[in-house]
Number of protein chains: 2
Amino acid sequence: MDSSSTGTGTGGGRRAATRQKLYEAAVTLIAEKGFSATTVDEIAERAGVAKGTVYYNFASKNELFEELLRHGVGLLTASLRTAAEETEAHGGSRVEALDAMIRAGLVFIYRYPAFTQLYVAELWRTNRTWQSTLMVVRQEAVAVVEKVLREGVERGELSSEIDVQLTAAALVGMVLVAALDWQSFQRERSLDDVHSALSLLLRGRVSGNR
Amino acid sequence: MDSSSTGTGTGGGRRAATRQKLYEAAVTLIAEKGFSATTVDEIAERAGVAKGTVYYNFASKNELFEELLRHGVGLLTASLRTAAEETEAHGGSRVEALDAMIRAGLVFIYRYPAFTQLYVAELWRTNRTWQSTLMVVRQEAVAVVEKVLREGVERGELSSEIDVQLTAAALVGMVLVAALDWQSFQRERSLDDVHSALSLLLRGRVSGNR
DNA sequence: CTTTTTGAACTGACCGGTCAGTTCAAAAAC
DNA sequence: GTTTTTGAACTGACCGGTCAGTTCAAAAAG
């Protein structure tokens, strides 16, 4: 039993592969139409799998969704952490680490636009159904940004006036919305364009003060 | 005959009052549960109105939603424009105008959290149903920010390096996400706290460069 | 002033259709 | 031989939209 303990990886058994297919099918459908407008039959069909298989792999439509959330945010935080650590290893400043994380965030959204759409659409809902799951994964992701901000303040790279929590939220929002807008309404721009614009804001070079 | 010609306002006839009640009922329900999880029966019940009345006032559930979107974003853009104009009238800089608009945005989200949740949840969906409506109202709101940015660049207050469209998106995102996070996860903070944090970022005082 | 008429606004029971979730015997994969 | 998948059948609840009928304030008629 439990041959799928490794979770996602390609090495996983048949089971893991099926779950992956279901994730991919569900994420695009739910991003397009929302959770409750998406039917289990549709998910199964797009995944090329029988409906019974969905219920063999997940207890319910709800649980499929919650595990999808955990799965996706796990990928994001891993990516952010890597970006921060690599900057660290190369002796970069904390501002450079934040810059690298912005880029990592953009790359993630570029690769998984559907997941990002779905996450944004659900995060601030007053709904009790999966809010606990969402709060946990959100905190996991935000904590990575907060940590780097705190380090920046300690080292004197960042103003000690800043409110770490609120600034973290603002930075995340900046990246999230700029990236989604880029994907939805300004497809012609390059990732570098978007990254430059955000980098300018982060480094305080928009209003050319002082 | 035709006593309801005035449309919305308080002076409007019975019809306008009913529509207003339906907007208020729909906005909270849809923010909580999403569009398709919200039933017309629920909306009618919360508005204290019979189901038939919904269909007397709106062609469909869909149209009710679209008019709700237009209504809400109309309020927002009016508020943003006022903030910008008042700064102008007092001889304030364009950066101060942006700052005032950030505040106006926060006040709006504070007053209409449900509408904001719903807007964010729907804006970047790949759904074709009401995307045209959403694109129109979004453009209306973003244009106000872009205009002030452009003026700032012309007057030399803002760096000419900036990309107006992307920076506008980033600023909007910053406000949107910081405010929603504040409302959802950090209720104890004051509006001034949030405003200060965002103002710092706008004015480039986070990374104390130069 | 009183009676009658009008029609916009509202009501709520009802209908056709849909969906999540369950079950299970049999096949396929390992 | 065990695990996983299949796919069809079934259920019971729910939902968007319809429509025949009701209400009532104000206009028209007397």
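By convention in this document, chain letters (A, B, ...) are assigned in the order of the sequence lines, proteins followed by strands, and residues within each chain are numbered from 1. Computed over heavy atoms, backbone and side chain alike; hydrogens, waters and symmetry mates excluded. Since we're looking at a predicted model, the values are computed, not measured.
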Are any of the side-chain heavy atoms of [X] and [Y] separated by less than 4.5 Å?
{"X": "B:F115", "Y": "B:L76", "result": "no"}
{"X": "B:L158", "Y": "B:R94", "result": "no"}
{"X": "B:M101", "Y": "B:E96", "result": "no"}
{"X": "A:R125", "Y": "A:L134", "result": "no"}
{"X": "B:W124", "Y": "A:V177", "result": "yes"}

Q.
Need the bend value for the helix from C:dC1-D:dG30 to C:dC30-D:dG1: angle between end axes, 5 pairs each end, nearest 10°.
A. 20°
Q | Interface with DNA chain C, restricted to residues 26-36 of chain A and to heavy atoms under 4.0 Å | A | none
**Q.** Members of residues 46-66 of chain A that approach DNA chain C, where some heavy atom sits under 4.0 Å away
**A.** A:K51, A:Y55, A:K61
Q) Would you call A:E24 and A:K21 a salt bridge, taking side-chain N to carboxylate O under 4.0 Å as the test? A) no
Q: Check the distance between C:dG21's C1' and A:E42's CD and give it to me in whole angstrom.
A: 16 Å
Q: Let me know the distance between CD of A:E45 and C1' of C:dT18, rounded to the nearest Å.
A: 16 Å
Q) Distance under 6.0 Å and angle within 45° of the ring axis: does B:K61 meet both against B:Y55? A) no
Q. What closest approach, in Å, do B:K33 and B:E42 show between heavy atoms, and which atom pair accounts for it?
A. NZ-OE2, 2.6 Å
Q: Hey, which sits more toward the 5' end of DNA chain C by its nearest nucleotide, B:D41 or B:T18?
A: B:T18
Q: Kindly check if the number of other-residue, nucleotide or ligand heavy atoms within 6.0 Å of CD (B:E45) is above 12?
A: no
Q: Answer yes or no: does atom CZ of B:R70 have more than 12 heavy-atom neighbours from other residues, nucleotides or ligands under 6.0 Å?
A: yes
